[in-house]
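Lettering follows sequence order; numbering is per chain, from 1.
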Amino acid sequence: MTKPGDRVKVITSDQEIEGILMPSENEFVVLKMDTGYNIGIDKKRVREIALLSHPPKREVELPKAEPKTGLPTISILHTGGTIASKVDYATGGVIARFSPEEILQMFPELREIANIDSRLIRNMWSGDMRFGHYNIIAHEIKKEIEKGAQGIIVTHGTDTLHYTSTALSFILKDLGVPVLIVGAQRSSDRGSSDAALNLLSAALFITASKSFAGVAICMHENEEDDNCIILPGLNSRKMHSSRRDAFKAINADPWARVNLKSRKVNFLRTGFPKRNSKVPEVHEIKENLEVGILKAHPNLFSDTILSFKGYDGLIIEGTGLGHISIDEIDDLTKENTKIYSAIKELISNEVIVAMTTQTIYGEVDMNVYAYGRKLLDIGMLGNYCDMTPETAFIKLAWLLSNYPKNKVRELYSTNLAGEISKRLEK
Amino acid sequence: MELNYKQLGFKCGIEIHAQLEGHKLFCNCPTELREDEPHYVIKRNLRAVAGESGKVDIAAAEEMAEAKDFYYQGYYDTNCLIELDENPPNLMNTDALKVTLQVCKMLNSRIVEGVQVMRKTVVDGSNTAGFQRTALIGTDGYLDLKKTKLGIPTIILEEDACRNITEEKDRVIWSLDRLGIPLIEIGTTPDIKNPDEAKEAAEKLGMLIRSTGKAKRGLGTIRQDLNVSIKEGTRVEIKGAQDLKSIPKLIENEVIRQINLVSISKELQKRRVKELRELKISDVTNLVAHCDSKIIKQSIKAKNKILGIKLTGFKGLIGKEVQINRRLGTEFSDRAKVIAGVGGIFHSDELPAYGITLREVEILLQDLQCDANDAFVLVADKRKRAEKALSAVVERANQSILGVPKEVRKANKDNTSSYERPMPGAARMYPETDIPTLRITSEEIEAIEIPELIEDKIPKYEKLGLGSDLAKLVAKSVKAPLFDNFVAQYPKVKAAFIAEIIMTMDKMIKRQFNISINPTEEDYNILFGALSGEKIPKENVMDILKENKPVKEIIGKYSMMSDTELEKEMQKIVSEKKDLPFNALIGVVMKKLRGKASGKKISEILKKIIG
């Protein structure tokens, strides 16, 4: 049997091609030629794949990651994503690397910043995460703090990174160290990857900012490889599908700017939680909780709303100041009356329903127009809140996991940790 | 020097890169090179991707710390997030792929059925991603030359790199305009038999690609790399031969270079010179501090050091010419310049000179403990840089004991070459995971038509009555298909006149009237239609085009008069100027009726009137 990495000869009806066998792809046998190029050969035409030789063993002994005295310890917890992967040029496969030695090999500059501990807790796409994963990460963070880590870096896929940063902000009570969630928009196999600057800047921020505690995000500030920005864990969002500077603070200012080259951390605002030596408590989000998000849009149907019947909570991404189509003004808008009754039905069935805005930026204000008031009348939450829909979603789930419903209604619109602005700055 | 290439064991293969028209290979940006001020500049760094050699920590970290900053100039209207490496690539440009498939067919290649785009690691900053996207499309082809059937093992479609604007010690400025232009790369086997055959191969490959009508034209759109070796030498790659004429000379000069380097190596071996393993660098600043050399004086003023090193057994050889006006010492100096960034070196074979006296040379020889057969090299610069330069010199000197070093060289204007970089190892390539493997079916291959070759078009056009220069001009032009269409559509208009109008009239109008015209296909169609139906005389064509307006709007006023109208007009003139002789009369009539009828017609009617 031949397997990827073997040197083989592929024999077809009219051709014999030598090369390194790669993992096959759909209808193709893939071969890496001596020129370095891969070609696909139609499986149907392949008569035989003859083994020529097995790949030579290549094991590189990595030096032990000996701690240096005088440097703080940072624990890096990996949840997957592209930040810590490298390419095996022989097979073209991407291998993930997570041991401290391997991390130091990939990012040798870390040695000068801190002593590194590094562990894989899950290897997954961030898009696949469920509430249970937030609890696992929180418990692992707690463990690292108990072991004496002065700061934590969580590497994370970028798609739902801001949900995780919000979840950890609520789950970890009395967090006394900085927890930096770091992702990469360009994978580590390429020279242009943003992973190194993001990771190193996060480490530098942890060591250079002596007093900051709490959950924050560290990513590129703009398209250049100069500055990283430290964004508030509760008020940030992925605002671009592909750019390095995809993450932006929403309705809030970033905490700080980090310039790795000059080793400078500039705080852009104060008021962050301070470090302490407490071990945080973990207040989990219930894994089996059902909370949904519904986007208001033209031509909505009431069945869509009713599909959330039986849920614990629902976040509506309303239009504008926080609206959804509930007014019947002519024959064409009869469905809107049904939508209004459907929302009323959910609320009377003990589903907590809260309004946010799909404009992302800005605050919900349901008092400006009459139909906003109609929503308030039936118990819609979220008025005067400027949480992103994602933050609202996680907050609601966390409240529902830890408080009785009457308390949830009260706390939802109360600023607990910085998720709702006290003043609406420009 | 008369060279017997067969006896020398000459081997030569070429690689041709040709840019294609249309849009970029992995995005929809145009392939326009720009001279205006860039709209933005983005600063980036590239990291050495970790884990390759097992080389760890400090060395790697130091390397990264020394890495250059890259500045990318871009334009909002012709560059996008894909060139900036801020967005995954689109699927491969199908037009460019089609042209490549045509070229594959023209070169009898086997077309790859599952095309996988690869990422080829490039760390000099010329690609924002840190890699170049490249795909093997055709294998096992051949090209028939006059005397040789030359193998074409690979035909590749890839993206061009950024255009280099400037390069300084710690930063490089690149333009994004060239990044991503589709590039066909054709490589030959090393079976070219002599320098002239290399030119023949390059010319023919260029002609084949241009015959598709989709190749870009102009300086830098086709680039040739030459791989040359002789039996006792080594494969050396020469980059940047931009014109065909220089190819034989570049190759000949490289062969001469290898012959000379081999003879130097034999002499060094005869002298039993051993590789220098230890760098014994001496600071000779004080010994030459008072010499008249401008370079040394400036250096001392800048508080730099003058460092020297002995090269045992090299006396007389560093000064030996290896190519016209280039000595072994020039090759030492090239290395020092490229690797350490110094201005140059002094070596004892060229001294006393440059303000360094015999007396000073003697002191240096003594201080560096040189014996009769020994030579020395000096470098003036900051200590660290001068040390790096001398270490590069020693490395090159060691290589000359063995013969010809394997390296990439760049073509100079005088057809010699100079050191560019070491020969890269096997390219580090891995799949571009953002683009699925592309299937090319036999039906698709079947449907690809081989275009008529330029070399076949030229005699065809000559038969249509075009002069040989005009025939060549049309055949090589992207307008050839347009010309073919017009010729087929307007058989009453002379083909040579069509060719003149679409190929040269714009230049004539520019020269005579300083007006730049850019007629559309529709303009030409209306014009040729009118010529064909004899609605306008051909004398009017230039006047119509030079108005630089849509032809359909203005053609009316250039229309010819009917025969009756003409006769009426002429009757009038004749009755007014009865007394004039015929020749003078025809002059008056012509002047009056110019553009309203052909000269022939006017003369005919006039003759009729006068009887």
Can you tell which part of [X] gets under 4.5 Å to a heavy atom of chain A, answering side chain, backbone, both or neither?
{"X": "B:Leu84", "value": "both"}
{"X": "B:Thr128", "value": "backbone"}
{"X": "B:Leu81", "value": "side chain"}
{"X": "B:Asn127", "value": "neither"}
{"X": "B:Arg110", "value": "side chain"}

Just how far is it from atom [atom1] of [X] to atom [atom2] of [Y], taken to the nearest 0.5 Å?
{"X": "A:Lys32", "Y": "B:Met118", "atom1": "NZ", "atom2": "CE", "value": "3.5 Å"}
{"X": "A:Gln185", "Y": "B:Asp85", "atom1": "CD", "atom2": "CG", "value": "11.0 Å"}
{"X": "A:Glu224", "Y": "B:Tyr71", "atom1": "CD", "atom2": "OH", "value": "8.0 Å"}
{"X": "A:Asn26", "Y": "B:Arg439", "atom1": "CG", "atom2": "CZ", "value": "10.0 Å"}
{"X": "A:Thr35", "Y": "B:Ile156", "atom1": "OG1", "atom2": "CD1", "value": "6.5 Å"}
{"X": "B:Arg44", "Y": "A:Glu223", "atom1": "CZ", "atom2": "CD", "value": "6.5 Å"}

Answer yes or no: does atom [atom1] of [X] have more than 12 heavy-atom neighbours from other residues, nucleotides or ligands under 6.0 Å?
{"X": "B:Lys98", "atom1": "NZ", "value": "no"}
{"X": "B:Glu37", "atom1": "CD", "value": "no"}
{"X": "B:Lys43", "atom1": "NZ", "value": "yes"}
{"X": "A:Lys43", "atom1": "NZ", "value": "yes"}

Using non-hydrogen atoms and a 4.5 Å limit, figure out which bit of [X] sits close to chain B: side chain, backbone, both or neither.
{"X": "A:Val29", "answer": "neither"}
{"X": "A:Asp42", "answer": "both"}
{"X": "A:Arg186", "answer": "side chain"}

Query - chain A contacts, top residue of B:Val115, B:Thr134, B:Val117 (heavy-atom pairs, under 4.5 Å) - result: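 If we count pairs closer than 4.5 Å to chain A, B:Thr134 comes out on top.
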**Report entry** Residue among B:Val112, B:Leu438, B:Thr139 with most heavy-atom pairs under 4.5 Å to chain A
**Finding:** B:Val112
Any side-chain heavy-atom pair of [X] and [Y] under 4.5 Å:
{"X": "B:Arg119", "Y": "A:Asp189", "answer": "yes"}
{"X": "A:Glu25", "Y": "B:Gln116", "answer": "yes"}
{"X": "A:Thr12", "Y": "B:Glu113", "answer": "no"}

Query - Smallest separation among heavy atoms of B:Pro88 and A:Ser242, with atom names - result: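 The pair with the smallest heavy-atom distance is CD-CB, 3.9 Å.
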Requested in this report: Specify the closest pair of heavy atoms between A:Tyr37 and B:Leu136, including all atoms of both residues, with the distance to one decimal.
Outcome: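 Residues A:Tyr37 and B:Leu136, closest heavy atoms: CD2-N, 3.5 Å.
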**Report entry** Pair A:Lys261-B:Asp69, side-chain contact (heavy atoms from CB on, under 4.5 Å): steps then yes or no
**Finding:** CA-CA 12 Å; A:Lys261 209 170 230 175; B:Asp69 288 333; 3.1 Å; yes
**Report entry** N-O pairing of A:Asp225 and B:Arg47 below 4.0 Å
**Finding:** no
